[in-house]
Amino acid sequence: MLERITKSITSASIFLAGYFLLNIALRIALPHTLDLDEAEQSFYSQYLLAGYGPQPPFYNWIQYAIVSVTGISMWVLSVPKNIILFGCYLFYGLAAREVLKSRSLAAVAMLSLITLPQVGLMAQRELTHTVALLFATSLFLFGFFRTLRQPTIGSYLLIGIATGIGLISKYNFAILPFAALIAVLPEREWRSRLIDWRLLPAAVLAILIVLPHALWLPDNLASASAPTLERMTAEHLAPAGLPRIGQGLLSLVIAVLGFVALPIVLVAAAFRRDFFRSLSSSSPMIRVIERMMVISLLAFVGVILFAGASDIHERWLDPCLLVLSIYLFLKLETADLDLSAGLARFRPVVPVFMVVILSILLFRIVGIQYIGTYTRTNVPFSGYVTELTATRKPVLIVAGTKFVAGNMRLEFPDIPVVIPFFPGAGVPEYPNAKGPVLVIWRGETADDPTISPGFANDLVRSGIHLQELKTLTLPYLFGDGKRSFSIGYSWVEGGAK
């Protein structure tokens, strides 16, 4: 059965489609409380903007377009994400088919993406913008390898589309096309691809895709870059100078090991001596991929040395190291060994990982009382809504955070949900609100719903004056009943006073 699935990209894709349908069904069956990235998408889907803050807008644009047609729902948040992830696997398989002679190896390389923790588990668990980045990276690799092997105007345009999408998915995607360009230079056979006239329309296409966000970026550079720079520098963890550089380099090494260790160990365990024999194999394509990965990682070293970064996260390496599975299987194939025994041992890894990932996604929510660390998805937002709207319903909801705003938006799809001063000044809807307005927030901790001074000041500046601050506390979903989550809220009448 598994051998038939891995005979071609088509059969492997059908198998993957079934897996992603299971992921959708599981997310719909679990509580509809949104995690942080899901809540952000739910809230942002009310607006079509050139930029939304620290993350580029591609995923937001996709979500906005769909919500504009269908309205907001858990289906609308889950289905597009899984389709984009499926596209990541599909184009990765097509990229593998461009460089691998064996169709079976290409299919296995595509399926082996699930063994990368950032792709198999983390992307399914809570990420959104990174999902778009993974898709763009796979699409770029397909266009890039296609152009090296058999250049056409279509392959060049594919590179342009992928570059444009990647740059407005995550800013760190910019490393990939730069690394690919430099990696090709030493290869005389392919150097001419860089001075081909077809590269010009590809570049124009990429610019056109990026242009709306690029025009927004200069005037909003601080809001777009500050949160990421704060996470990268981790000023509270290391002093300036050599200690910070040392911490940054160490975090990069740990991130690289965390990214590559599991798939390398699995392939080594499956192919055994053949794997170690293949390490010395080489070809022009292998050398290009090796340079791409090394140049990409050197770019992060540069960020550490010159930008003061001291905390590198694994997911930031996605555009640099996603090509790893193709690289490993290309090394094995180039060594010209009999890989049938290794493939037979590796094929069962994929369904095992699928079962494990689905089990983790389920148990981290429903088995939370045995784990002890409660997730955002265990917060009982539907219970809050039932309690809060027992006697009246709001005409406007003013929320303190994107987490609260997105969840309230899902619960009240026909009611505007706003955060003060996003995207414009104050709360423009408030003066015209005819009826009760619900102001709702969460505190710094689960059991302390104290309103933050910043949110309180924003409300006053918006003309919203809270008369009575109330608290609503409910136990976590699937919890032991002993731990609960509290929110703060207040009802006010619409219209500036």
Side-chain angles (χ1 to χ4, degrees), residues 36-37 40-41 43-64 127-133 136-137 140 160 162-179 181 203-238 240 244-245 248 251-252 296 298-313 315-320 401-403 405 418-426 428 454-455 457-458 461:
L36 196 58
D37 276 19
E40 183 181 87
Q41 293 303 318
F43 171 65
Y44 284 157
S45 67
Q46 299 173 103
Y47 309 98
L48 179 60
L49 305 173
Y52 295 81
Q55 300 288 1
F58 177 71
Y59 198 100
N60 301 106
W61 290 348
I62 296 294
Q63 197 72 74
Y64 173 85
L127 303 177
T128 53
H129 298 285
T130 298
V131 170
L133 171 69
T137 301
F140 180 90
T163 300
I165 291 174
L167 291 174
I168 57 172
S169 296
K170 280 277 193 178
Y171 297 124
N172 60 324
F173 178 87
I175 295 173
L176 180 59
F178 170 78
L181 185 149
V204 170
L205 187 55
I207 291 170
L208 290 175
I209 293 172
V210 173
L211 189 60
H213 183 62
L215 295 174
W216 172 90
L217 195 57
D219 294 331
N220 299 274
L221 195 57
S223 63
S225 60
T228 301
L229 290 174
E230 287 175 5
R231 289 195 296 270
M232 289 180 68
T233 54
E235 294 181 359
H236 62 288
L237 296 178
R244 172 167 293 180
I245 292 174
S251 74
L252 177 60
S296 298
L298 286 176
F300 275 96
V301 173
V303 171
I304 292 168
L305 295 177
F306 301 110
S310 60
D311 187 18
I312 306 298
H313 294 193
R315 65 179 179 273
W316 297 347
L317 304 179
D318 284 337
C320 312
T401 64
K402 287 178 286 187
F403 171 63
V418 299
I419 293 176
F421 299 97
F422 181 91
F455 181 50
N457 290 336
D458 287 343
R461 289 166 59 200

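Along the sequence shown, residues carry numbers from 1.
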Open item on the list: Please give me the minimum heavy-atom distance between Y59 and A132, naming the atom from each residue.
Closed with: CD1-CB, 4.1 Å
Task: Gap separating the CG atom of L48 from the CG atom of N60, nearest 0.5 angstrom - done: 10.0 Å
Task: Considering all heavy atoms, the nearest L49-P423 contact - done: CD1-CB, 3.8 Å
Open item on the list: For the CZ atom on F421, are there more than 12 heavy atoms of other groups (residues, nucleotides or ligands in this structure) within a distance under 6.0 Å?
Closed with: yes
Task: With sequence neighbours excluded, residues passing salt bridge (Lys or Arg N to Asp or Glu O under 4.0 Å) with D458 - done: R461
Open item on the list: Would you compute the distance between atom CG of N220 and atom CG of L215 and round it to the nearest 0.5 angstrom?
Closed with: 11.5 Å
TODO: Go through the steps to decide whether L167 and Y171 satisfy the test side-chain contact (heavy atoms from CB on, under 4.5 Å), and finish with yes or no.
DONE: CA-CA 5 Å; L167 291 174; Y171 297 124; over 6 Å; no
Task: Main-chain N/O of I312 paired with S251 side-chain donor or acceptor, under 3.5 Å - done: yes
TODO: Side-chain contact test, heavy atoms from C-beta onward, threshold under 4.5 Å: evaluate it for F455 versus P420 and give yes or no.
DONE: yes
Open item on the list: In the structure I gave you, are the side-chain heavy atoms of H213 and L217 within less than 4.5 Å of one another anywhere?
Closed with: yes
- [ ] If the plane angle is over 60° it's perpendicular, under 30° parallel, otherwise tilted; pick one for Y52 and Y44.
- [x] tilted
Task: Closest non-hydrogen atom pair between S169 and F58, with its separation - done: OG-CD2, 3.5 Å
Open item on the list: Rounded at 0.5 Å granularity, tell me how far CG in L181 sits from CG in L176.
Closed with: 11.0 Å
Task: Closest heavy-atom pair and its distance - N172, R315 - done: ND2-O, 4.4 Å
Task: Close side-chain approach of C320 to F300, heavy-atom, < 4.5 Å - done: yes
- [ ] Decide yes or no on side-chain contact (heavy atoms from CB on, under 4.5 Å) for L305 and I245, but give the supporting numbers first.
- [x] CA-CA 6 Å; L305 295 177; I245 292 174; 3.6 Å; yes
- [ ] Could you list the residues that satisfy ring-ring contact (aromatic ring centres under 6.0 Å, His included) with F403, not counting sequence neighbours?
- [x] F381
- [ ] Taking the side chain as every heavy atom from C-beta outward, state whether P319 and I175 have any atom pair closer than 4.5 Å.
- [x] no
Task: Considering all heavy atoms, the nearest K402-F43 contact - done: CG-CD2, 4.1 Å
Open item on the list: Let's go through L133 and L127 carefully: what are the C-alpha distance in whole Å and the side-chain angles of both, what is the deciding distance for side-chain contact (heavy atoms from CB on, under 4.5 Å) to 0.1 Å, and is it a yes or a no?
Closed with: CA-CA 10 Å; L133 171 69; L127 303 177; over 6 Å; no
Task: Separation between CG of D311 and CZ of R244, rounded to the nearest 0.5 Å - done: 10.5 Å
Task: Any F422 side-chain heavy atom under 4.5 Å of V418 side chain - done: no
- [ ] Can you measure from OG1 (T163) to CG (L205) and round to the nearest 0.5 angstrom?
- [x] 9.5 Å
Task: Name of the residue among K170, E40, H129 meeting side chain to side chain donor-acceptor pair (under 3.5 Å) with Q55 - done: K170
Task: Non-hydrogen side-chain atoms of I168 and W61 separated by less than 4.5 Å - done: yes
Open item on the list: Is the shortest side-chain heavy-atom distance between L252 and L317 below 4.5 Å?
Closed with: yes
- [ ] Taking all heavy atoms of A50 and all of P57, pick out the closest pair and write down the distance.
- [x] O-CG, 3.5 Å
